[in-house]
Amino acid sequence: MIPVSPALRQYLIITGNYWAFTLTDGALRMLLVLYFNDLGYSALSIAMLFLFYEFFGVVTNLIGGWLGARIGLNRTMNLGLGIQIIALAMLLVPAAWLTVPWVMAAQAMSGIAKDLNKMSAKSAVKTLVSGNDTQGRLYRYVALLTGSKNTLKGVGFFLGGALLTLLGFEGAVLVMALGLLVVWQLSLTLLRQDLGKAKNKPKFRDIFSKSRAVNILSAARLCLFASRDVWFVVAVPVYLSVHLGWDNWLVGSFLASWVIAYGIVQALAPVLTGTKKGAAQTPGRMMAVSWVALLMALPAIMASMLQAGADPHWWLLGGLWLFGAVFAVNSSLHSFLIVHYASEDGVSLDVGFYYMANAAGRLLGTVLSGVLYQQYGLNACLWFSSGLLLLTFAISFALPKQ
């Protein structure tokens with residue numbers, strides 16, 4: 001039997017915990033989309049169900065980083081699992097109670113849970129990596145954790161559809177809640193008690209990062225994720241359904257496949273960005289700038305071709321796959337850089353602040369996606385995406401050289 005170090009054992013527990021949560025998160029999103037679509041809600045109305053999910057992610061990351069530094073990342077991770085179980089339980093009410101405000105409240109709880117879990121997992125990795133070639137291994141660990149999470153979120157989309165078909169809405173939610181309850185009990189038992197706790201208790205005012213590098217990267221992250229969601233969240237699924245005539249299952253399967261492929265590329269980012277003697281090179285400013293420059297051109301090219309009357313099956317769908325691959329590398333680079341830049345003591349403070357900006361970008365993109373598409377169409381969303389990436393490009397030049 002291969003011996004496993006205590007640090008690796010903790011990493012595997014954290015990763016398994018994160019995987020289980022992500023499966024339910026992806027499945028729940030697909031369940032809600034399909035269920036409310038069957039009830040006759042419009043695509044924009046369904047997107048608005050997730051507004052509080054994104055909004056509370058902003059608040060949770062900001063406060064959650066401070067909380068993790070004070071009480072330990074094991075506790076914030078387990079708190080996230082517990083809240084997700086409550087969010088699922090809120091959906092086990094009679095069908096007549098499943099009004100939009102009630103579901104939005106449940107999604108608010110789920111958003112809090114998701115960002116507590118994610119912030120804890122990403123922060124914990126830094127506390128577990130030590131020894132020679134620390135930064136190379138840190139890059140690979142973060143890329144694997146991030147990429148596998150997104151792949152499983154895509155698998156969760158399929159799982160949600162399958163559970164809805166086999167068990168119905170209430171049965172699907174109950175199975176997920178019971179499964180997560182088992183994972184929560186294991187996590188309470190196995191996770192280390194002092195994981196990520198700061199030696200000096202941070203004050204509440206410390207939730208705002210004092211690190212220039214973290215602040216710059218957070219601004220770049222906000223624009224990066226807004227550039228994706230400004231056309232991906234509402235514009236793409238509605239366009240596929242209305243203009244290309246796809247049914248809901250085909251749209252859902254396509255988006256799920258896209259998310260799975262996106263996660264695989266994220267996990268492979270250390271290989272795609274270059275290796276040296278078997279270990280990933282440590283990314284820096286120029287690598288971040290180069291990859292976002294490549295990404296910036298893609299939505300502009302897609303918008304230009306669609307305006308010229310090109311076949312959307314080639315330019316939209318092909319462009320979406322290419323955008324996803326390049327975006328995945330950008331996201332993985334950023335995920336490594338925040339863990340790299342974060343302070344050793346109370347790492348979750350910096351990571352929480354950064355993922356607050358990430359959540360703000362998703363929230364901004366989600367709202368803009370609905371508004372721009374409804375008023376001006378898909379091309380406006382694509383041009384706006386390219387503009388946000390130009391901002392990301394400009395901001396990234398202010399990152400530290402090394």
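- Between the side chain of Trp258 and the main chain of Leu320, a donor-acceptor pair closer than 3.5 Å is present.
- With contacts defined as side-chain heavy-atom distances shorter than 4.5 Å, the pair Phe157/Ile260 does not qualify.
- With rounding to the nearest 0.5 Å, the separation of CE in Met109 from OG1 in Thr60 is 10.0 Å.
- Although no hydrogens or angles enter the test, the distance criterion places a donor-acceptor pair under 3.5 Å between the side chain of Arg285 and the main chain of Phe397.
- The closest donor-acceptor contact from the side chain of Asn330 to the backbone of Val326 lies under 3.5 Å.
- Residue pairs meeting the salt bridge (charged side-chain N to carboxylate O under 4.0 Å, His left out) criterion with at least one member in residues 355-381, sequence neighbours excluded, are Glu54-Arg362, Asp115-Arg362.
- Considering every non-hydrogen atom in both Ala172 and Leu164, the closest pair reads CB-N, 4.2 Å.
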Counting only pairs under 3.5 Å, give me each side-chain donor-acceptor contact of residues 77-94, with atom names and distances, residues two or more places apart or in other chains.
unit_1 : atom_1 : unit_2 : atom_2 : d
Asn78  : OD1    : Ser187 : OG     : 2.4
Asn78  : ND2    : Asn74  : O      : 3.0
Gln84  : OE1    : Ser110 : OG     : 2.8

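- Using modelled atom types, one side-chain atom of Thr151 and one backbone atom of Ile264 make a donor-acceptor pair closer than 3.5 Å.
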N/O donor to acceptor pairs below 3.5 angstrom from side-chain atoms of residues 298-309, sequence neighbours left out:
unit_1 : atom_1 : unit_2 : atom_2 : d
Ser304 : OG     : Ala300 : O      : 2.9
Gln307 : OE1    : Trp383 : NE1    : 3.3

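- The aromatic rings of Phe56 and Phe52 sit perpendicular to each other, their planes meeting at more than 60°, with 30° as the lower class boundary.
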Going through the distances and angles, do Leu317 and Phe254 end up as a side chain to side chain contact (heavy atoms under 4.5 Å, CB included)?
CA-CA 10 Å; Leu317 303 185; Phe254 176 80; 3.9 Å; yes
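- Interatomic distance, Phe225 CZ to Asp229 CG, rounded to the nearest 0.5 Å: 7.5 Å.
- We find the CG-OG distance between Leu337 and Ser396 to be 9.0 Å, quoted to the nearest 0.5 Å.
- Listed for the Thr76 side chain is no donor-acceptor partner under 3.5 Å among the backbone atoms of Leu116.
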